[in-house]
Amino acid sequence: MVAIKNTWYELRRKGHYYELYEHFRSEQESYTNRLARIGLGKGHILEELLKKFGIEFKGNAEIYDVVLAMRLYLAMRVLATLKRPELKYAVLDAVSSLPDEEALFWAWKVSSSRRGVTAFKVLYEIQ
């Protein structure tokens, strides 16, 4: 498990959405930042992803493992762009089978590049 001091992530089911938040708290400051949001229709795959990593989801989950949080972020960003709902299981398989370093790389790529999601979908044949 990779953790960052004073930082944790939270996946919430809120209304008709799943939302991923990053929390930071220190003596001087604290903040909460929403990283991603996805609808319930595609979002239930996130619960299956958490289950694969041994976390039971009951409407709210605190995550201290950065790699797992970035897998969720990557999955949410890719799922949000899918036009064919049947591909959501391909996303689940691709994201859960990534080595830790690649999961972090793709999370960075998706957050820093307009074409990051497209590159991920092409490379892992999710079209």
Side-chain angles (χ1 to χ4, degrees):
M1 179 173 99
V2 177
I4 299 175
K5 186 178 179 180
N6 300 328
T7 303
W8 72 97
Y9 299 87
E10 179 182 20
L11 182 66
R12 295 182 197 161
R13 185 172 47 227
K14 192 174 178 182
H16 297 289
Y17 298 96
Y18 285 89
E19 297 177 331
L20 181 64
Y21 290 91
E22 176 184 49
H23 299 282
F24 173 81
R25 181 170 295 134
S26 72
E27 293 178 13
Q28 294 83 20
E29 63 182 327
S30 67
Y31 71 83
T32 297
N33 183 29
R34 186 174 74 196
L35 298 177
R37 182 179 190 186
I38 192 167
L40 287 177
K42 296 175 184 173
H44 72 86
I45 289 294
L46 301 175
E47 292 185 32
E48 293 185 33
L49 182 61
L50 284 173
K51 225 180 266 182
K52 281 191 170 196
F53 289 95
I55 296 175
E56 192 172 333
F57 184 77
K58 294 180 181 175
N60 192 16
E62 287 189 357
I63 301 160
Y64 295 93
D65 182 6
V66 175
V67 176
L68 178 56
M70 292 303 106
R71 285 179 197 278
L72 288 170
Y73 174 71
L74 175 60
M76 291 173 86
R77 292 291 306 268
V78 174
L79 286 168
T81 66
L82 290 182
K83 292 185 174 43
R84 296 187 353 216
E86 65 271 10
L87 292 175
K88 59 190 169 187
Y89 292 102
V91 173
L92 174 67
D93 292 339
V95 170
S96 63
S97 66
L98 288 174
D100 292 351
E101 297 83 7
E102 277 202 49
L104 293 172
F105 167 78
W106 282 110
W108 165 76
K109 190 67 171 172
V110 163
S111 68
S112 64
S113 170
R114 286 183 308 151
R115 296 183 179 157
V117 172
T118 304
F120 181 85
K121 288 170 32 179
V122 167
L123 186 62
Y124 292 97
E125 299 174 354
I126 302 168
Q127 297 292 328

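For this chain, numbers begin at 1 and follow the sequence in order.
- A distance of 11.5 Å separates CG of L35 from CD of E10, quoted to the nearest 0.5 Å.
- With hydrogens and angles ignored, the 3.5 Å screen pairs no side-chain donor or acceptor of S113 with any backbone N or O of V110.
- Heavy atoms only, all atoms of each residue included: A103 and V67 are closest at CB-CG1, 4.4 Å.
- K121 approaches V78 most closely through the heavy-atom pair CG-CG1, 3.9 Å.
- Annotation for L20 and A69: closest pair CD2-O, 3.7 Å, computed over non-hydrogen atoms.
- E19 and Y21 are linked by a side-chain donor-acceptor pair at a separation below 3.5 angstrom, with hydrogens and angles left out of the test.
- How far CZ of R37 is from NE2 of H16: 10.5 Å, rounded to the nearest 0.5 Å.
- Contact detail for L87 and L82: the closest heavy-atom pair is C-CD1, 3.9 Å.
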Which pairs of donor and acceptor atoms, one on a side chain in residues 47-56, lie under 3.5 Å apart (sequence neighbours left out)?
from, atom 1, to, atom 2, distance (Å)
E47, OE2, R13, NH1, 2.7
E47, OE2, Y18, OH, 2.5
K52, NZ, S96, OG, 3.4

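- Applying the side-chain contact (heavy atoms from CB on, under 4.5 Å) test between M70 and each of W106, F105, W108, Y9 identifies Y9 as the sole match.
- Transitive grouping of hydrophobic side chains (ILVMFWY, heavy atoms separated by less than 4.5 Å) brings Y89 and V91 into a common cluster.
- When the side chains of ILVMFWY residues are joined at heavy-atom separations under 4.5 Å, either directly or via intervening members, M76 and L40 end up in a single hydrophobic cluster.
- For Y73 against A107, the heavy-atom pair with the smallest separation is CE2-O, 3.6 Å.
- Separation of atoms NE2 (H44) and CZ (F57) is listed at 13.0 Å; rounding is to 0.5 Å.
- In this structure, the separation between CZ on R115 and NZ on K109 is 10.5 Å, given to the nearest 0.5 Å.
- Annotation: the span from F120 atom CZ to T81 atom OG1 amounts to 10.0 Å, rounded to 0.5 Å.
- Remark: E125 CD is loosely packed, at most 12 non-hydrogen atoms of other residues, nucleotides or ligands lying under 6.0 Å away.
- The residue from I45, L72, L46 that alone fulfils the side-chain contact (heavy atoms from CB on, under 4.5 Å) condition with I38 is L46.
- For the residue pair P99 and R71, the shortest heavy atom distance occurs at C-NH2, 4.0 Å.
- Rounding to the nearest 0.5 Å places CZ of R25 at 12.0 Å from OH of Y31.
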